[in-house]
Amino acid sequence: EKPLAQKAGLGWQGKHSNLVSRRAGCWFFLGELYTDLPLPVDPPESDHCGRCSACIEVCPTAAIVAPYRVDARRCISYLTIELQGSVPIELRPLVGNRIYGCDDCLLACPWNRFACAASEPAFMPRNGLESAALVDLFGWSEAQFLKRLEGSPIRRIGYQRWLRNIAVALGNAQPDQAVTQALAARLNHASELVAE
């Protein structure tokens, strides 16, 4: 959808490979409508990244291997959302405390100075996740996970990958007795992904 959006004049694909708008930065969703109505054709948007490389420089895993080229196998959003198996050991320290996505490349984009905060309630933080302690989230049962994240895209990763991601983040935390105990409590988890 990003190349179509660029051709429709909505923005251009930035060096981080996401769409960037001069009016909204990169904090927006793309939607599509299919119709047979004759509509005026908008001119395509040209690239306005220039010499900026902030998104490339800030990427924690060096997933942006060249301008406009992302190695998804290194991208934290891929690792925490799409990857079915284990997060590669060498990338775990680079994940930091992220448990669902990253977006550092978007945060670094100077075009976001034009972005506006969303007013859509569905986009607002819910269930206290913006201030939750990882140890507490790691203690959730599957029933709590399903209930607390009802209506959230986070549920798409499922309970096992949720625990996997939190275990990686806890492994990156400062050594602490509560963290050690939380991780030890999951050592014999039925899922090999979690127990690892």
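Owing to the predicted nature of the structure, the values given are computational and were not obtained by experimental measurement.
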Under 4.5 Å between any side-chain heavy atoms of [X] and [Y], yes or no?
{"X": "Glu1", "Y": "Leu19", "value": "no"}
{"X": "Arg22", "Y": "Trp12", "value": "yes"}
{"X": "Asn172", "Y": "Val168", "value": "yes"}
{"X": "Leu129", "Y": "Ile154", "value": "yes"}
{"X": "Cys75", "Y": "Cys102", "value": "no"}
{"X": "Ile76", "Y": "Tyr78", "value": "no"}
{"X": "Leu149", "Y": "Trp140", "value": "yes"}

For [X], is the [atom1] atom crowded, meaning more than 12 foreign heavy atoms sit under 6.0 Å from it?
{"X": "Gln177", "atom1": "CD", "value": "no"}
{"X": "Ile89", "atom1": "CD1", "value": "no"}
{"X": "Asn188", "atom1": "CG", "value": "no"}
{"X": "Leu33", "atom1": "CG", "value": "no"}
{"X": "Glu120", "atom1": "CD", "value": "yes"}

Spatial distance of atom [atom1] ([X]) from atom [atom2] ([Y]) [nearest 0.5 Å]:
{"X": "Glu142", "Y": "Lys147", "atom1": "CD", "atom2": "NZ", "answer": "15.0 Å"}
{"X": "Ser86", "Y": "Leu91", "atom1": "OG", "atom2": "CG", "answer": "12.0 Å"}
{"X": "Lys15", "Y": "Cys49", "atom1": "NZ", "atom2": "SG", "answer": "6.0 Å"}
{"X": "Asn18", "Y": "Cys55", "atom1": "CG", "atom2": "SG", "answer": "9.0 Å"}
{"X": "Lys2", "Y": "Leu10", "atom1": "NZ", "atom2": "CG", "answer": "14.0 Å"}
{"X": "Ile64", "Y": "Ile56", "atom1": "CD1", "atom2": "CD1", "answer": "6.0 Å"}

Between Arg74 (side chain) and Thr61 (backbone), is there a donor-acceptor pair under 3.5 Å?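 Yes, the answer is positive, given that a donor and an acceptor are paired below the 3.5 Å cut-off.
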
- [ ] Measure from the side-chain N and O atoms of Ser141 to the backbone N and O of Gln144, and report whether any donor-acceptor pair falls under 3.5 Å.
- [x] yes

Could you tell me whether [X] and [Y] make a salt bridge, using a distance below 4.0 angstrom between a side-chain N and a carboxylate O?
{"X": "Glu82", "Y": "Arg156", "result": "yes"}
{"X": "Asp104", "Y": "Arg98", "result": "yes"}
{"X": "Arg92", "Y": "Glu196", "result": "yes"}

Would you kindly confirm whether [X] and [Y] end up in one hydrophobic cluster when ILVMFWY residues are joined by side chain heavy atoms under 4.5 Å apart?
{"X": "Phe138", "Y": "Val95", "value": "no"}
{"X": "Ile99", "Y": "Ile157", "value": "yes"}
{"X": "Leu183", "Y": "Val87", "value": "no"}
{"X": "Tyr68", "Y": "Leu4", "value": "no"}

Name the atoms and distances for all side-chain donor-acceptor pairs under 3.5 Å in residues 105-118, with sequence neighbours left out.
residue	atom	partner	partner atom	Å
Trp111	NE1	His48	O	3.3
Asn112	OD1	Cys26	N	2.7
Asn112	OD1	Trp27	NE1	3.4
Asn112	ND2	Leu106	O	2.4
Arg113	NH1	Pro110	O	2.9

Smallest separation among heavy atoms of [X] and [Y], with atom names:
{"X": "Arg161", "Y": "Ile81", "answer": "NH1-O, 2.7 Å"}
{"X": "Pro125", "Y": "Glu130", "answer": "CB-OE1, 3.2 Å"}
{"X": "Asn165", "Y": "Leu79", "answer": "OD1-O, 4.3 Å"}
{"X": "Val194", "Y": "Arg186", "answer": "CG1-CB, 4.2 Å"}
{"X": "Gly101", "Y": "Thr80", "answer": "N-OG1, 2.7 Å"}
{"X": "Leu83", "Y": "Pro88", "answer": "CD2-CD, 4.2 Å"}

*asked:* Applying ring-ring contact (aromatic ring centres under 6.0 Å, His included), can you list everything that pairs with Phe145, at least two apart in sequence or on another chain?
replied: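 Result, ring-ring contact (aromatic ring centres under 6.0 Å, His included) vs Phe145: Tyr159, Trp162.
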
Distance-only donor-acceptor check, side chains Ser17 and Gln13, under 3.5 Å
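No.
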
